[in-house]
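The structure displayed is predicted, hence computed values, not measured ones. Each chain gets a letter, A, B and so on, in the order its sequence line appears, and its residues count up from 1.
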Amino acid sequence: MDKRFEPRSYEQTWQSRWSEMGIFRVEVPSDKPSFCIMIPPPNVTGKLHVGHALQSTVQDLLTRWRRMQGYNALWLPGTDHAGIATQLMVERQLAGEGINRRDLGREKFIERTWEWKRQYHGSIRRQLDLLGASCDWSRERFTLDADLNRAVRESFVRLYREGLITRGEYLVNWSPALGTAVSDLEVESKTVQGKLYHIAYPVEGSGPDGETIVVATTRPETMLGDTAVAFHPDDERYRHLHGKAALLPLVGRRLPFVADPLVDKEFGTGLVKITPFHDPFDFELARRHGLPGISVIDREGKMSAEAGADFAGLDRFAARTKVVDRLRSEGSLVKVEDHVHNVGHSQRSGEPIEPLVSTQWFCDVSGMAAQALEVVRDGRLKLLPESWDKTWEHWLSNIRPWCISRQLWWGHQIPAWYLDDGEDRRCFVAHSVEDAAREAGVEPGRLTQDPDVLDTWFSSALWPFSTLGWPDDTPDLRAFYPTDFLVTAYDILFFWVARMVMSGLHFMGDVPFRTVHLTGLVRDAEGVKMSKTKGNVLDPEELVNEYGADALRFTLASLDSPGRDIPLNTDQIAGYRAFGNKIWNATRFALSRVGEAQVQKTLDPAGLAAPERWILSRLSGVAHEVGERLETFRFDEACSRLYHFFWGDFCDWYIELSKPALFSGESGDAPRPRVAEVLLTVLDRSLRLLHPVMPFLTEELWQRLPGHEAIHPTTICLAPYPQVEPAWSAPEIEAGMDALMAVVTRVRALRTEMGLAPKAKLDLHLAAQDAGVGRLLAEQETLIRFLTRVEQIAWGPAPEGARRDVVAGVEVGVVSVESGVSGGAQEMSADERRRLDKELEKLDTEIARSEERLSNEQFLSKAPAQVVETGRAKLAEMKERRASLRASLGA
RNA sequence: AGGCCCGUAGCUCAGUUGGUUAGAGCGCUACGUUGACAUCGUAGAGGUCAGCGGUUCGAAUCCGCUCGGGCCUACCA
């Protein structure tokens, strides 16, 4: 076995072998219980980031764990067509060739995008392979696959027939840069430093020097589309204007005054100019009062013809300057103030959103939202951490219709066809053009399909069942829906999770998954969000190359604490790579020392010595704890237990404890049967316990364990996941061994404290209060001598002048052999004396505090008996320790 | 404006339904190559658990307020 630990030497070898063995492929139907996770499909042309690595780690960990437990465990992979993102990429590529998509035409453009997809889509699989993902690639899906398109059409048609999808003209969030409408979720509100312009509007019929009113606005260019001025009905200042009208400066349009309680009396002057077609508030208000609207800004963000000849064609921001200049020269600009406010920006392209009126498809999700609220309330769907419940509640309770059409080319084209009959334009929603034609009673050729595509999230919302064959009733769907678990970052809770829940409930009548594990966002070592512009992005592929996939996986799983963002620093990954090295070398040691011994499928602890019984008991305990943590999705804690068990218990102690027995001729007086078998068996189970987190390393090492075939003939991936072994549990042995280890540690510390060289000769005196512990220690005298490297051990109280202490109920006395009679008071250095004094002082205060508590009637009567008892025992021990330390000082 | 989360060792974070000497990793100090591992070992230093008040026999943990940081939602022009 190579002394060097080099993950790259075996990681991808195993990934391809597993793939060849086909062990991640799932057969249906099956006698085994089902377990299923759907991958949150990454963008098909994207590169996986560390967040993906985190989610993949968690998904793979769970899938591998369930698979080892005997589940028919499916992790279904796939990718998302990511409408806007992908289209932008291809458009950027085209721009490099000096053309735009319209030059190419829709059909050619889509063809080109498919080509792009085919080229990049393989890299997603390659990256998941690098991470050790155990997906069933035979079931891979892409959101634009034909069968997924069928699911999209089916759901669209159904929702349309149920009256939940409608087409209409509304004010929508328009992204001029993208040239499409976007949903509310795709609008990011940013705080910007702007200006508040106060503009005087003359009141109609009050003459040249007559009354003017002042309105305040942040967007003066929209005044060109004003159709009214509003005030609050209770506002005394403006009541007299009721029934009158203002005249729009620059334009001269007559603007009736309307009174509406939506208006805030306190803001600005209490008067609001109403631009129905370019502001959501104004749109709503205009609707209530039957006011007309005027579109003065077009889809490119330029002023339209209706803005007037002076402004038409100007960019909306240039128009703002020009309007302000005009108003100033006309004397209508009263004042300009600095004003901090929130402006909606297009999430994808960054420019300010332009609210404008257009005809779009909308989905009324209010009914589905109510159901989605219900399943979280009644626990059918669990959000983890639970703190998301409130956010869920708030968002779904205030949900508005979802604008699902996009003016893009890359995506699911809306299954609606139009028939132009002169004036009459009729719309037919159907599964296919043929169906639509049949319905319309015309030849298909006479129909034109709606050019728009659906919001990408519309197809993603169907992912948990469209991937399993819906709308058909397939064996996969029956076996795996509802799926068990969803892991995703919280930033797409509404974009995706909520919509899957709504559509799952609507179409499948059940939740799409039972548990949603919301991870934090991965940040850099300083806690700053990773972004390309900041240059602090860590690439999982590079991390795998440098540290190995197992180390990265262990790091990410360890950092996944509920409700927190994840600061990732490479020191930590390096630390877990060192853990891999530790496992590697522990195995190397075991293999070099076990002779003919074999891994045991099960082991009867009867007749084993204390160290063996101890490590088996600990192993059983840790298997229990890890299982419990995995059941509750506490991967961080599961990892922590595994780490400390393997490094702390197994390497630091058990391997050391095994040495005297394994080195021939040094087994001493106490019999230590079957040490090699225990060592191998513990190693086997440890590797199996670790396998879901560190699949590569554990497989590589496990394959080398003699006798592993008895556990599983081919791979650790299918070996059973270790469970509690009640027969191994030995609390009294654990207590005894804890005392042994505490004694050893204390002796080593005393050596340092006494300023003795590591090789200085010592005699040790041990006296245990508990007879059982005393017996165990005596039985393990050889071990204790080996670990403490003392000359001899005397059983009984320490002699006068010994340096002594009490740990775990055992008095430890140390006498330096070389310095003569003792290592006691006479030879004690000033430093050591000072340390002891300080220690005694601390003990005194603690004893005092403890005594006070234990004499408190309230405490004695109200605290549980167990707590009082522990308190008493601790007090007794502290007192003994004090006596012992005092004796050391010769006091 | 409402809501959520966070503030624990130099750094990054754990800390389960309150239980009395608050843990880990990294970093730091001293010593150490004894035949798995220097990607290591042994021992150690380091914390008024942001602050104040309350509930309780007992608070890092529960409640209130203050300060500091982050995030989400919202039609204040």
Specify the separation, in whole Å, of atom [atom1] of [X] and atom [atom2] of [N].
X        : N     : atom1 : atom2 : result
A:Ile492 : B:C71 : CD1   : P     : 19 Å
A:Glu857 : B:U56 : CD    : P     : 19 Å
A:Leu697 : B:C37 : CG    : C1'   : 13 Å
A:Arg641 : B:A24 : CZ    : C1'   : 12 Å
A:Ile213 : B:A77 : CD1   : P     : 18 Å
A:Tyr490 : B:C6  : OH    : C1'   : 11 Å

Expected rows: protein N/O vs nucleotides 57-59 of chain B N/O, under 3.5 Å:
unit_1, atom_1, unit_2, atom_2, d
B:C57, OP1, A:Lys862, NZ, 2.0
B:C57, O2', A:Asn856, ND2, 3.4

Look at all strands and tell whether [X] reaches a base, only sugar-phosphate, or nothing, counting heavy atoms closer than 4.0 Å.
X        : result
A:Ala216 : base
A:Arg577 : base
A:Glu846 : base
A:His339 : sugar-phosphate
A:Trp392 : nothing

For the rings on [X] and [Y], is their centre-to-centre separation under 6.0 Å?
X        : Y        : value
A:Tyr643 : A:Tyr576 : yes
A:Tyr197 : A:His339 : no
A:Phe579 : A:Phe554 : yes

Identity of whatever pairs with [N] - Watson-Crick or G-U, under 3.5 angstrom:
N     : result
B:U12 : B:A24
B:C62 : B:G54
B:G41 : B:C31

Quick one: does [X] reach the base of [N] with a side-chain donor-acceptor pair under 3.5 Å?
X        : N     : answer
A:Lys582 : B:C37 : yes
A:Arg789 : B:U34 : yes
A:Glu656 : B:A36 : yes

[X] side-chain N/O to [Y] backbone N/O, donor-acceptor pair under 3.5 Å:
X        : Y        : answer
A:Asp282 : A:Pro276 : no
A:Arg553 : A:Val693 : yes
A:Trp392 : A:Ala372 : yes
A:His394 : A:Lys390 : no

